[in-house]
Amino acid sequence: MPTVPEIREWGKNGPPITMLTAYNKSIARIAEEVGIDIILVGDSVGNTALGYETTLPVTVEEMISHTAAVVRGVKSALVVTDLPFLSVGVDDSADIMNAGKMLKFGGADAVKIESGMHTISITKRLVDLGIPVMAHVGLVPQRIRQMGGYHQQGTDAESAQDIKEIALKHQDAGAFSIVLEHIPSDVAEEITNELEIPTIGIGAGPHTCGQVLVVDDVIGLSDSAPPFAKKFGNAKMEISNAIKKYRDEVVSGGFPQ
Ligand code: KIV
C-alpha cells in the first residue's frame with residue numbers, strides 16, 4: 001500500500017490512484033484486500049452510516065471512532081480522515097488538536113480538509129507539525145448552507161480560476177494530494193496539469209490522477225446517490241435477501257436445527 005510520500009510523488013504517468021470511503025472494519029478490510037490505494041474515512045459517514053441529512057452534525061469524536069474502526073480492519077492501507085465541519089479553519093490551536101487527535105487516537109495516516117483561502121495557513125502549520133494534509137476543492141459539502149445545494153462548481157471562468165488558485169496555494173502550503181469534487185472535466189484537467197501533487201477526482205471527469213467515490217454508492221447501498229456516482233453492485237438487495245431468509249427460517253422453524 002502506498003505511503004503519503006509515495007502518493008505525493010505518484011506523478012501523472014502512473015496508474016490511476018484508487019480511493020474509496022470506508023466507515024467500519026469490515027468494509028475497510030475488503031477495500032484493502034482488493035487493492036484500493038487510499039481508504040478515506042469521509043465525513044460522508046454522516047449521510048451514510050449515521051443517517052444525518054448533511055455532514056454538518058458530524059463530530060470530531062464520531063470521526064475518531066470510525067477512523068479507529070477502519071484502522072483496526074486494515075494491515076497497512078493508507079487511511080485518510082476528514083476533519084468535520086468547524087473542526088478546522090476556526091482557531092489554530094483547536095485545529096491542531098483536532099487534526100492531531102485523528103492521528104493520535106484514530107490512528108489515521110493523514111487528514112483531509114475541505115479547503116478554502118481560510119485553510120492555507122493551517123495546512124502549512126499542520127504539515128510543519130508532521131500531520132499530512134489532503135486538500136479538497138470544488139464542491140465542498142460542508143458549505144451546503146452557503147451553496148444552497150450540491151451544485152457543480154467552477155462553471156464560469158472566475159470561479160474556475162478561484163478553485164485553481166486555492167488548489168495551488170494548498171500545494172504550496174504542503175498538501176500531499178488534492179480532491180477535486182464536482183467541477184467541469186476541463187477545469188479538473190487544467191488543475192491537474194498545473195499541479196505537481198496528484199489530483200483525485202469525484203465528479204470531475206477522467207483527467208485527474210485518481211478517483212474517489214463513497215462506498216455506499218459503489219456497492220448499491222445508498223438511498224440516493226449524486227449524478228456522477230456509479231453503482232457497481234447491489235448490496236442492498238443481497239443484504240435484504242439474506243436478512244429475509246434468516247427471518248423466514250426463524251419463523252418457520254428451519255433455523256436453528
Ligand atoms: O466525505 C467524503 O466522503 C468525501 C469524498 C466524497 C471525497 O469527502
Side-chain angles (χ1 to χ4, degrees), residues 7 16-24 27-28 31 36-60 62-67 69-70 77-89 98-99 102 106 108 110-116 119 123 133-144 147 150-154 163 166-167 170 175-183 188 191-192 197-205 208-219 221-232:
I7 293 292
I17 298 169
T18 55
M19 182 158 92
L20 182 69
T21 69
Y23 317 109
N24 64 43
I27 297 283
I36 291 290
D37 295 311
I38 305 175
I39 296 179
L40 172 67
V41 189
D43 63 352
S44 51
V45 66
N47 314 89
T48 54
L50 299 175
Y52 300 137
E53 191 204 327
T54 68
T55 58
L56 303 189
V58 178
T59 65
V60 166
E62 284 167 337
M63 291 307 300
I64 293 171
S65 171
H66 284 275
T67 301
V70 162
L78 185 64
V79 177
V80 179
T81 287
D82 259 335
L83 285 175
F85 183 52
L86 296 187
S87 71
V88 68
N98 290 331
M102 298 304 169
V111 295
K112 178 166 79 58
I113 297 177
E114 291 194 9
S115 311
T119 58
T123 294
V133 174
M134 177 181 282
H136 179 163
V137 300
L139 172 61
V140 279
Q142 290 173 15
R143 287 193 177 271
I144 177 64
M147 296 181 302
Y150 297 105
H151 313 301
Q152 191 180 46
Q153 304 293 301
I163 292 170
I166 295 171
H170 282 78
F176 72 97
S177 59
I178 184 161
V179 169
L180 308 180
E181 179 163 353
H182 207 9
I183 59 174
I191 296 173
T192 301
I197 57 172
T199 55
I200 302 177
I202 172 164
T208 52
C209 306
Q211 297 291 328
V212 56
L213 281 177
V214 167
V215 68
D216 290 44
D217 299 338
V218 168
I219 65 176
L221 199 56
S222 309
D223 291 327
S224 67
F228 48 77
K230 183 171 171 187
K231 188 171 154 180
F232 292 83

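Computation of the quantities below employed the complete heavy-atom set of this structure, encompassing side-chain atoms and omitting hydrogens, waters and symmetry-equivalent molecules. Whatever order the structure lists ligands and atoms in, that order sets their numbers, starting from 1. Worth saying up front: this structure is predicted, and the values here are computed from it rather than measured. All residue numbers refer to positions in the sequence shown, counting from 1.
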Q: For atom 7 (C) of ligand 1, which of Leu139, Asp216, Leu40, Thr48 has the closest heavy atom?
A: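 Looking at heavy atoms only, Leu40 sits closest to atom 7 (C) of ligand 1.
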
Q: Pick from Thr59, Val60, Val58: which one makes a side chain to side chain contact (heavy atoms under 4.5 Å, CB included) with Ser87?
A: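 So, applying the side chain to side chain contact (heavy atoms under 4.5 Å, CB included) to Ser87 and each of Thr59, Val60, Val58, only Val60 qualifies.
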
Q: Do any heavy atoms of Lys112 fall under 4.0 Å from ligand 1?
A: yes

Q: Under a 3.5 Å cutoff, is there a donor and acceptor pairing between the side chains of Glu181 and His136?
A: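 The criterion, which ignores hydrogens and geometry beyond distance, is satisfied for His136 and Glu181.
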
Q: Examine the side chains of Ser222 and Asp217 and answer whether a donor and an acceptor come within less than 3.5 Å of each other.
A: yes

Q: Please tell me whether Gln142 and Asp43 have a donor and an acceptor in their side chains that are separated by less than 3.5 angstrom.
A: yes

Q: Distance only, no hydrogens: is a donor on one side chain within 3.5 Å (strictly under) of an acceptor on the other, for Thr54 and Tyr52?
A: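 Distance-only check fails for Thr54 and Tyr52.
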
Q: Can you report which non-hydrogen protein atom sits closest to atom 6 (C) of ligand 1, along with the distance?
A: Ile202 CD1, 3.6 Å

Q: Ligand 1 versus Thr21, non-hydrogen atoms closer than 4.0 Å: side chain, backbone, both, neither?
A: side chain

Q: Considering only heavy atoms of Asp43, which atoms of ligand 1 have at least one such atom less than 4.0 Å away?
A: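 It comes down to these atoms of ligand 1: 1 (O).
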
Q: If you count the atoms of ligand 1 from 1 in the order shown, which ones are under 4.0 Å from a heavy atom of Gly42?
A: 1 (O), 2 (C), 3 (O)

Q: Applying a heavy-atom cut-off of 4.0 Å, say which part of Val45 lies close to ligand 1: side chain, backbone, both or neither.
A: neither

Q: Write out the residue and atom name of the closest protein heavy atom to atom 2 (C) of ligand 1, then the distance separating them to 0.1 Å.
A: Ser44 OG, 3.3 Å

Q: Please work out, at 4.0 Å between heavy atoms, whether the side chain, the backbone, both, or neither of Asp82 comes within that distance of ligand 1.
A: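 Within the 4.0 Å criterion, Asp82 contacts ligand 1 through side-chain atoms alone.
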
Q: Measure from the side-chain N and O atoms of Thr199 to the backbone N and O of Thr208, and report whether any donor-acceptor pair falls under 3.5 Å.
A: no

Q: Looking only at heavy atoms, is any part of Thr55 under 4.0 Å from ligand 1, and if so is it the side chain, the backbone, or both, or is it neither?
A: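 The answer is neither.
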
Q: Whether the Thr21 and Ser44 side chains hold a donor-acceptor pair (N or O, under 3.5 Å, no angle test) is what I'd like checked.
A: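 No donor-acceptor contact under 3.5 Å links the two side chains.
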
Q: Between Tyr150 and His182, is the ring centre distance below 6.0 Å?
A: no

Q: Are any of the heavy atoms in His136 under 4.0 Å away from ligand 1?
A: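 For ligand 1, residue contact (heavy atoms, under 4.0 Å) with His136 is present.
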
